[in-house]
Amino acid sequence: MNIFDTHERIIADYRSYLESFINIRDKRIKEKVDEDLNTGKLFPQPLIQFNPSFEFGEPLARLCEPGGMLHPELANIFKGFELYRHQVEALKLGTAGKDFIVTSGTGSGKSLTYIGTIFNHVLRNAGAGRGVKAIVVYPMNALINSQTEEFKKYQETYLRGLARLDFDYSELDELETDDRIVALETATGAKFPITFAQYTGQESSDVRADILTNPPDILMTNYMMLELIMTRLKERPLRESIAEHLKFLVFDELHTYRGRQGSDVGMLIRRIRAQARARVQCIGTSATMSSGGDSLEEQKAEVARVGEMIFGKTFETEQVVNEFLQRLTAFDGRLPSREELAESIKTPFAISQAEDDLRRHPLAIWLENRIGLELSGPDWLRRRNPVSLEDATQLLMEETGAEINLCRASLQKLLLWSSEVNKKRSGRRAYFPFRLHQFISQTGSVYLTLDPAEKREIRMEPGHFIKTDRHARQRIYQAVFSRVTGQEFICVKKTGEAILEPRDFNDRYDLDDDDRSGGNYGYLIPQVEGEEELWTADMIANLPSAWTKVYKDGRLDIIPKYRDRVPQEIWYNEEGAFSLSRYAAGYQRGWFMPVPLLFDPGSMTFYDAKTNDGSKLMRLGNEGRSTAT
């Protein structure tokens, strides 16, 4: 699969979907919307982010040797794992009884650092009895469900290692994970030496009752459920087990706990630690906490400060573990020269070429060191911030002098080449594994000044005021459009000072509110000079019969209940001042209709009073981003 072609199709489909809902009558507004679509304001160029190669640490087998740092059984549980250097550094802290925080990127195996620490403790203290020795807190139940499946994989790996040589593994292929584990337990006569369970509120009453009766070694939960565990009467057995046995308190995705929620979590942690009979080792992980500070020490100091606030314990910078990165290309400390780089993209290469050709290719060396990684300090290699593919293309063009389409095609081809090489590799090293981050904006609204149609400012950015050539501070108003005619309806609110103030299309109105019951919240519809009148007295004949009455003098008129629901003539200027009387100097003419809109005067389409105005009028792509996705 060519990810670049796939991305292009997705954006084209989304744009087509979005445009199918855009119905705008005014030519200038339509041109502005088309311009913003063409320049990518609603879906900017994708960012390209490389997952760098992490430096490997000591082999797992060596760490699990008799008398080594880790319990020998961990070699069976983590069979097939190659440990990264940051994982080994964190495990050294964890097995030494020290609190730590790991701040490495996505896909770097942060969870193994606390899982290995906890497993090692449980295995070395096998006779300590049952009880909750570790609580692992995740911000979302989906992460808990995923982690439970990972624990089951460790369980299965361990049991497979104990199975007889003549055991027929093919019998397990058709079974679900839980059934495979039962079959392996039956075949081996053994149990996984570590118990674990999730407690989120999603579990059945039988499962919860079993956890309360037989607390596991490791309890996975979210912070709201942990708060309930520590306060509710029915969780008392679990609370007592935590107080008696707890050794580890882990918070995954530590960066999510900020502001009010961070304060709540900090207080919860302090209560748990105060109730525990033994010292509690605190562990945190995060992929995004290490962005502050220019140096490695500054970043670690900032992470340590956050850790202290959340856990209520002192963290030294040595207790903060960052990722250790390495280059995979044949970089010798010198980037390719302009001539070498230009020649490399002009000379054809194939995505089927060998790994060594890729490792030595000047464009690969340039990509890894100009876009993927940077050296910060004498020995600190760190990932660069993501850039858009177009920015990377532009930089390549500037540094080679080559034509921009050739630069773009060469970059895409090199990345496809790296993907082909990675497919043939074994192990955890990979060349330029990358992600395209495509941001899709909330489809948003058009905002207008109240100048005449041919002069008004048209913006796509929300706000209440803008600076124009004639005004240092001019009001700007949200516009929505008739689903039938495309006529713009400008969202306004009439004030007692005879000013039309901007309002949001979603502003709620309450007929019991004095300010709103008089019809002050509504829409302004400009009457463009020379165009057909939006409303005239003889149009009363087109209103529903329930709206009108023939009076004794033979005159057809609107009954009082609906008299203010038809367009009311209004005069206004570009600053928002209005008058309901005749023309005043500098004023232009329009129509005011209150919310909720009961009919569209441009098409004489009538609506039920209970129908939301969003069904009658639309913003840009009103069906929304989530529906399109």
Apply the test side chain to side chain contact (heavy atoms under 4.5 Å, CB included) to residues Arg619 and Asn506: give CA-CA distance (whole Å), side-chain angles for both, the deciding distance (0.1 Å), then the verdict.
CA-CA 11 Å; Arg619 295 169 294 179; Asn506 291 326; 3.6 Å; yes
Candidate pair Tyr199 and Leu212, rule side chain to side chain contact (heavy atoms under 4.5 Å, CB included), full reasoning:
CA-CA 10 Å; Tyr199 198 87; Leu212 294 175; 4.1 Å; yes
Please evaluate residues Ile229 and Ile242 with respect to the criterion side chain to side chain contact (heavy atoms under 4.5 Å, CB included), reporting the C-alpha separation (whole Å), side-chain torsions for both, the decisive distance (0.1 Å), and the verdict.
CA-CA 10 Å; Ile229 289 171; Ile242 291 170; 4.0 Å; yes
Starting from the C-alpha separation in whole Å, work towards a yes-or-no answer on side chain to side chain contact (heavy atoms under 4.5 Å, CB included) for Glu89 and Leu93.
CA-CA 7 Å; Glu89 295 293 322; Leu93 290 169; 6.0 Å; no
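Ion pairing of Glu156 with Lys153 is absent here, as no side-chain N (NZ or NE/NH1/NH2) approaches a carboxylate O to less than 4.0 Å. Salt bridge annotation for Glu244-Arg130: absent, with no cationic side-chain nitrogen under 4.0 angstrom from a carboxylate oxygen. Contact check on Arg383 versus Glu323 returns a salt bridge, with a Lys/Arg side-chain nitrogen under 4.0 Å from an Asp/Glu carboxylate oxygen. Using a 4.0 Å cut-off between a side-chain N of Lys or Arg and a carboxylate O of Asp or Glu, Arg305 and Glu302 qualify as a salt bridge. In this structure, Lys152 pairs ionically with Glu149, as a charged nitrogen and a carboxylate oxygen lie closer than 4.0 Å.
A 6.0 Å sphere centred on CE of Met309 holds more than 12 heavy atoms belonging to other residues, nucleotides or ligands. More than 12 heavy atoms of other residues, nucleotides or ligands lie within 6.0 Å of CZ in Arg384, so this atom counts as buried by the packing criterion. Under a cut-off of 6.0 angstrom, the local environment of CE in Met69 is crowded, with over 12 non-hydrogen atoms contributed by other residues, nucleotides or ligands. Summarising the local packing, CD of Glu176 is surrounded by 12 or fewer heavy atoms from other residues, nucleotides or ligands at distances under 6.0 Å.
In this structure, CG on Leu112 lies 6.0 Å from CG on Leu83, to the nearest 0.5 angstrom. Put simply, NZ on Lys110 and OG on Ser104 are 4.5 Å apart, with the number rounded to the nearest 0.5 Å. The line from CG of Leu296 to CG of Leu381 is 11.5 Å long, rounded to the nearest 0.5 Å. Separation of atoms CG (Leu325) and CH2 (Trp380) is listed at 9.5 Å; rounding is to 0.5 Å. The distance from atom CG of Asn141 to atom CD of Gln198, rounded to the nearest 0.5 Å, is 7.5 Å. With values rounded to the nearest 0.5 angstrom, Gln261 atom CD is found 10.0 Å from Ser263 atom OG.
Screening residues 68-86 for salt bridge (Lys or Arg N to Asp or Glu O under 4.0 Å) gives Glu55-Arg85 as the qualifying pairs, with residues at least two apart or on separate chains. Sorted by first and then second residue, the pairs that involve residues 204-219 and meet salt bridge (Lys or Arg N to Asp or Glu O under 4.0 Å), not counting sequence neighbours, are Lys133-Asp217. Counting only residues at least two apart or on different chains, the salt bridge (Lys or Arg N to Asp or Glu O under 4.0 Å) pairs with a member in residues 250-268 are Arg260-Asp264.
The closest donor-acceptor contact from the side chain of Arg180 to the backbone of Leu175 lies under 3.5 Å. Distance alone, capped at 3.5 Å, places no donor-acceptor pair between the Ser146 side chain and the Ala142 backbone. Arg270 contributes a side-chain N or O that, together with a main-chain N or O of Ile310, makes up a donor-acceptor pair within less than 3.5 Å. At least one donor-acceptor pair closer than 3.5 Å links the side chain of Glu203 to the backbone N or O of Gly201. Checked by atom type and distance alone, the side chain of Arg277 never pairs as donor or acceptor with a backbone atom of Leu246 at under 3.5 Å.
Residues meeting the side-chain hydrogen bond (donor to acceptor under 3.5 Å, both in side chains) test with Lys616, sequence neighbours left out: Asp613. For Ser419, there are no side-chain hydrogen bond (donor to acceptor under 3.5 Å, both in side chains) partners two or more places apart in sequence or in a different chain. For Thr157, there are no side-chain hydrogen bond (donor to acceptor under 3.5 Å, both in side chains) partners at least two apart in sequence or on another chain.
Paired with Glu227 under the rule salt bridge (charged side-chain N to carboxylate O under 4.0 Å, His left out), one option of Arg232, Arg239, Arg271 passes, and it is Arg271. Under the side chain to side chain contact (heavy atoms under 4.5 Å, CB included) rule, Gln155 has a single partner from Glu185, Glu150, Lys191, which is Glu185.
Side chains of Lys313 and Arg273 form a contact here, defined as non-hydrogen atoms less than 4.5 Å apart. Using a 4.5 Å heavy-atom threshold, the side chains of Gln275 and Met230 count as touching. Using a 4.5 Å cut-off on side-chain heavy atoms (C-beta onward), Glu308 and Thr314 make contact. Looking at Arg160 and Leu172, their side chains come closer than 4.5 Å, going by heavy atoms from C-beta outward. At least one side-chain heavy atom of Leu123 sits under 4.5 Å from a side-chain heavy atom of Ile77. The side-chain heavy atoms of Leu63 and Leu74, taken from C-beta on, include no pair separated by under 4.5 Å. Proximity of Asn145 to Gln202: side-chain heavy atoms (C-beta onward) are separated by under 4.5 Å at one or more points. Residues Asp504 and Gln478 meet the side-chain proximity criterion, which asks for heavy atoms closer than 4.5 Å.
Taking each heavy atom of Phe54 and Ser108 in turn, the nearest pair found is CZ-CB, 3.4 Å. Considering every non-hydrogen atom in both Thr188 and Leu159, the closest pair reads CG2-O, 3.7 Å. In terms of heavy atoms, Gly307 sits closest to Ile101 at CA-CD1, 3.7 Å. In this structure, Pro596 and Ala609 approach most closely via the heavy-atom pair CG-O, 4.2 Å. For the residue pair Val132 and Ser241, the shortest heavy atom distance occurs at N-OG, 3.0 Å. Minimum interatomic distance between Ile211 and Pro216 (heavy atoms only, all atoms of both residues): CG2-CD, 4.0 Å.
Using cut-offs of 30° and 60° for the angle between ring planes, the Phe192 and Tyr158 rings count as perpendicular. Ring geometry, Tyr223 versus Tyr257: the interplanar angle exceeds 60°, so the pair is classed perpendicular (tilted spans 30 to 60°). Phe315 and Phe311 have tilted rings, their planes meeting at an angle from 30° to 60° on a 0 to 90° scale. Ring-plane geometry between Phe119 and Phe78 is classed as parallel, the angle between the planes falling under 30 degrees on a 0 to 90 degree scale with a further cut at 60.
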